Amino acid sequence: MSIVMTSARDWFRRSPGLVAGACITVLFILMAMISLVWTPYDVTALDIGARLMPPDAAHWLGTNHLGRDVLSMIMVGARISILVALIAVGIGLIIGVPIGLAAAAMPGLIDDVVMRGSDLVFAFPALILAILITAVFGPSAVNAIIAIGVFNIPVFARLARGSALPIWKKHYVLSAMTAGKTRAEISFEHVLPNISHLLIVQGTIQFSLGILAEAGLSYVGLGAQPPMPSWGRMLAESQTMISFAPWLALFPGLAIFIFVLGLNLLGDGLRHRLDPRNDRAA
Amino acid sequence: MTANHDATHNRLIGWIGRLVSVGFFAMVAFSTVAQAAGTLRVGVQLEPPNLDPTAGAAAAIDEIVYANIFEGLTRITENGDVASGLASSWTVSDDGRVYDFTLREGVQFHDGTSFDASDVVFTLDRARAPNSSNAQRAIFALIENVAAIAPHLVRITLKEPLGALPTYLGWGDAVIVAPESAADNASHPIGTGPFRFQRWRKGASVTLNRNENYWGTRPPLDQIEFLFIPDPTAAFAALVAGDVDGFPNYPAAENLALIERDNRFQILFGTGEGETILAINNGVAPFDDIQVRRALSHAINKQDIIDAALFGYGTPIGSHFPPHHASYIDLSDQYKFDPARARQLLGDAGYPNGFTTTLTLPPPAYARRSGEVIAAQLEAVGIRVQINNLEWAQWLDQVFSNKAYDLTVVSHTEPLDIDIYGREDYYFQYHNDSFDRIITDLRGASEPMQRDRLFKQAQTLIADDAVNVFLAQAPKIAVWSRDVSGVWSNAPVQANDLTHADIEGRVFQQSEQRKTGSGGALAMLFFIIAAGLGYAAFYVRASPAFLIGRAAAMALSLIAASIVIFLLIEVAPGDPAAFMMGLNADPASVAALKAELGLDQPLLARYFSWIGGLTRGDFGVSYTYRVPVGDLIEERLWVSLPLALIAFALSTAIGIPAGVIAAARRRRRSGKAIMTAAQAGVAIPNFWLAILLVMIFAVALRWFSAGGFPGWDAGAAPALKALLLPAIALALPQAAILTQIMRSAMIETMSEDYIRTARAKGLSQGKVLQRHALRNAMIPVLTILGLQFAFLLAGGIIVENVFYLPGLGRLIFQSIVQRDLIVVEGIVMVLVFAVILVTFLIDIAYAIVDPRLRHGAMRR
């Protein structure tokens with residue numbers, strides 16, 4: 001017990017950001033998971049009599065214009081946010097990383113195609129691309145995932161390529177080649193493990209960007225559809241009532257802010273921990 | 001780089017500093033001046049697609065032009081009566097088929113041409129022609145012949161008696177236009193009304209000036225400015241901030257209680273014509289079963305909907321008829337709220353366990369909010385509801401035209417429109433021969449008693465058949481500043497007749513009209529880019545081969561992007577023509593419009609004509625506004641470009657020094673504090689920051705207006721002031737990112753050997769920072785700066801919406817919503833072009849900042 005305490009304190013002293021970030025992230029994920037089985041109130045049921053209640057003992061974060069409990073909605077909203085951002089990161093990793101590894105393994109035509117292809121995606125301002133996709137295919141959580149995921153692909157492809165290139169010059173890679181291993185085998189056995197820490201860090205960053213993007217899309221009505229609560233739409237709905245029900249605009253915004261902040265702290269902390277070069281800089 | 005170069009650089013920075021401070025002083029000094037006095041500023045929710053009421057059904061057109069710019073032979077008064085308009089009197093033959101209208105003499109159109117019988121013949125013949133795009137062509141088709149008997153006498157002969165002809169002639173679709181000007185009415189309307197069209201700032205406002213040659217009594221107002229404020233929040237903010245004098249239809253009922261307590265405003269409750277209904281697709285199972293429809297009627301608690309979705313402002317109704325009408329019968333209790341009865345009816349119909357259905361909702365807040373309540377109430381009786389939110393265009397396409405829906409919520413705002421239940425192929429898919437007979441009789445009836453009886457029969461019949469769930473009649477809620485008088489409280493037609501409106505104690509000052517130079521902003525953008533390119537190319541003495549190679553790559557990217565954009569948009573659902581024609585449009589008129597826009601051409605032909613135009617700088621013509629897309633984009637660039645530049649300047653001015661300081665003092669408290677602030681800044685969604693800024697600085701402190709853009713005509717100071725809050729909301733998160741990147745780049749550089757050498761030879765820390773570290777650290781930062789500029793130019797679509805700035809970001813969102821696809825294509829192309837160019841410039845900038853790269857860049 002005391003050993004655990006000591007090492008926790010030690011961790012906190014060495015990287016307080018990492019610990020704080022991890023705590024916030026875990027808190028939000030827990031909140032989302034609890035919401036699967038329990039929320040203080042039912043988020044679909046109406047309670048017209050209890051509408052627009054300011055925060056009190058019964059409703060910790062108040063109620064909205066339909067009498068729905070804000071805390072419950074934020075809990076369920078976390079679910080959608082996390083789901084969208086997580087799958088979007090997954091799309092980026094699963095499609096982007098192999099593309100980037102291939103580009104690094106086979107310089108020349110493939111590399112050029114990959115780089116020009118990612119240039120093309122980057123040429124579209126991210127939000128415009130997402131709005132185009134959701135406007136064309138209709139607003140839904142699934143299309144929000146696709147829109148955000150598409151943008152993650154070149155991010156991971158470039159990162160994988162850029163960080164894999166120097167590894168291809170290492171001695172152990174050269175000896176693996178002389179041992180007769182194929183470029184694909186080397187990519188997955190030697191290159192991927194050596195760049196995985198960078199992918200984890202970038203994954204955390206993209207995850208937090210995904211949370212922000214999902215909030216933005218659902219704010220303009222292109223994310224998850226009602227009655228499923230989402231943070232962005234809660235903010236959009238709150239705007240007309242902000243002068244007399246400010247809690248409706250305050251809490252969902254705070255939820256986004258704190259969660260993204262936590263993820264960023266976690267990402268930065270991980271970078272310092274996993275990349276020795278950065279230790280010197282910090 | 002030489003010392004001379006550095007000196008130039010420093011002088012430049014000095015000048016920029018001076019310019020900025022002068023700008024701020026000017027802003028403070030002039031911020032209280034230029035409010036155009038004597039003008040009534042009217043907030044309206046929707047911007048009209050065009051200004052020709054005879055070629056589109058959009059209510060937003062009538063709300064601006066009806067009775068103000070255009071007049072008909074008759075006019076509908078505030079109480080819904082028919083009064084004389086351009087016809088001073090009329091007679092009807094005994095068989096009800098022949099009408100003679102005597103016209104007023106001495107009436108002139110705004111362009112000086114005189115009004116006579118030939119204009120009436122032209123107008124009505126145009127409206128009933130086979131290729132007419134008039135939304136009420138079906139009614140005009142009942143006219144057999146229109147003849148000018150004398151210069152001021154017109155005879156209209158009908159195919160069958162039509163008792164309500166004088167009423168129909170008072171509608172916006174029947175206003176009189178002149179053959180000389182009719183073709184241009186969409187963008188430059190010319191009528192006979194008390195106000196003449198002055199200008200239309202797309203996405204922002206329409207301005208009308210008094211017609212000094214008006215035939216009737218001189219209107220008290222000098223000028224009317226209609227401002228488009230689609231968002232209920234923005235509407236409230238604009239009202240409180242004093243940006244508008246009022247809203248004839250106030251969209252945010254939720255804060256009426258607050259406005260009531262504010263003695264600067266008056267609230268006028270009037271009768272509206274909007275029956276809000278839960279429309280049911282009677283043509284699909286299970287809703288073709290009357291028991292299921294009656295079950296729905298029993299399952300819905302109308303009062304809950306009125307309380308939660310309409311914030312208490314509404315009267316429950318039981319049929320499709322306005323309670324203020326003399327022939328109204330109260331059927332609102334025919335189906336009492338009774339979930340048990342609803343379940344029983346569902347069981348009788350063979351759905352003891354309910355069923356799953358879809359509720360499709362259009363964008364207005366009343367529909368979205370009612371939809372959530374309805375979904376919850378239906379769930380309570382076992383009907384599982386999937387909510388599907390659509391934009392207007394998609395709603396019109398899917399629900400209204402293709403009837404691909406189960407349930408929807410919408411408000412029918414046309415006056416006395418119960419006849420829609422007798423329409424062939426209407427989206428309710430309701431068919432009842434007895435109802436059709438009532439409507440046919442009604443059409444011929446001109447005797448009041450008979451009409452009254454028929455109206456009552458019609459109401460009862462559709463209620464018995466439970467065609468739809470009739471929810472509530474919403475009142476027309478107008479909010480005006482106390483000093484406004486003479487405005488309508490009722491809305492018998494969707495119009496804002498401001499002929500007699502007045503505003504106390506304001507004098508009109510003719511503001512000097514500055515013309516926006518055509519192509520100015522676009523030219524400016526391209527000049528900046530070209531200058532940068534030329535300078536860069538000269539500086540690095542780039543070889544032609546290198547430049548040509550990069551240019552070719554750029555062209556390839558652009559072509560690829562254009563194909564992606566074109567194809568993406570091609571598969572988008574929603575017919576632009578149907579959207580433009582509005583709710584009650586005739587299918588033949590929609591087809592006519594489609595041909596006119598060239599939308600009936602094959603895919604490949606349209607792509608090549610679009611791309612061919614682009615190479616000549618021609619972006620095509622907007623479907624909705626009917627003006628060149630290039631002009632629209634250019635108009636918006638005058639907002640987005642300065643906004644992006646200000647935000648860019650702010651972000652750079654904060655981010656770079658903050659990053660340098662944070663690096664230099666990284667082990668001290670101040671350095672850590674900066675990094676904490678930056679961490680927070682990165683995590684704030686810019687639209688939430690924008691909302692907070694509005695609430696603090698516009699609503700609470702009233703230092704700034706809540707949004708909107710006065711235009712550069714109003715002077716540089718008010719324009720810059722309007723851009724400041726949005727620029728801050730856009731810039732702060734970007735500045736935070738920049739701070740982080742600048743800091744780590746500096747730290748990286750400062751650990752290089754040459755820095756240590758410089759320190760060792762005795763240079764101070766400051767000198768080292770300035771002379772060596774900063775310049776080297778700028779290399780990675782440049783990439784970010786370039787990307788940031790592109791991002792800022794896209795305007796943070798959302799932030800522009802929060803402040804309702806008429807910029808590129810808002811234009812693209814509006815265009816998507818309005819299915820004005822050619823505008824969307826144009827904007828995305830311009831933005832992509834900007835990004836690709838910036839990327840190219842960064843390549844060259846690298847070579848400038850880092851001489852080591854120059855040769856590498858050359859050899860590539």
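A quick note: this is a predicted structure, and the numbers were derived from the prediction, not measured. Naming convention: chains lettered A, B, ... in sequence-line order (proteins, then strands); numbering from 1 in each chain. Only this structure's heavy atoms are used, side chains among them; waters, hydrogens and symmetry mates stay out.
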When heavy-atom pairs shorter than 4.5 Å are enumerated against chain B, which of A:Leu66, A:Leu209, A:Leu263 gives the highest number? A:Leu66
Against chain A, work out which of B:Ala560, B:Ala252, B:Ala680 has the most heavy-atom pairs shorter than 4.5 Å and name it. B:Ala680
How long is the span from the CD atom in B:Gln377 to the CG atom in A:Leu46, to the nearest 0.5 Å? 6.5 Å
Quick test of your reading of the model: are A:Glu237 and B:Arg369 salt-bridged, counting only N-O distances below 4.0 Å? no
Specify the closest pair of heavy atoms between B:Pro685 and A:Ile256, including all atoms of both residues, with the distance to one decimal. CG-CG2, 3.6 Å
Quick one: does any side-chain atom of B:Trp688 pair with a main-chain N or O of A:Phe257 as donor and acceptor, under 3.5 Å? no
Let me confirm one number: the OG-CD1 distance from A:Ser238 to B:Ile691, rounded to the nearest 0.5 Å. 5.5 Å
From A:Tyr219 atom OH to B:Asn686 atom CG, the distance as rounded to the nearest 0.5 Å: 10.0 Å
With a 4.5 angstrom heavy-atom cut-off, could you sort out which part of A:Leu261 is near chain B: side chain, backbone, both or neither? both
With a 4.5 angstrom heavy-atom cut-off, is it the side chain or the backbone of A:Ile211 that approaches chain B, or both, or neither? neither
Name the region of B:Ala375, side chain, backbone, both or neither, that has any atom closer than 4.5 Å to a heavy atom of chain A. neither
Can you say whether B:Val828 sits under 4.5 Å from chain A via the side chain, the backbone, both, or neither, judging by heavy atoms? side chain
Over all atoms of both residues, closest heavy-atom pair of A:Ile48 and B:Asp307: CG2-CB, 3.9 Å
When rounded to the nearest 0.5 angstrom, what is the spacing between CG in A:Asp42 and CD in B:Glu379? 9.5 Å
Structural part of B:Val824 lying under 4.5 Å from a heavy atom of chain A: side chain
Side-chain donor-acceptor pair present, A:Asp268, B:Gln679, cut-off under 3.5 Å: yes
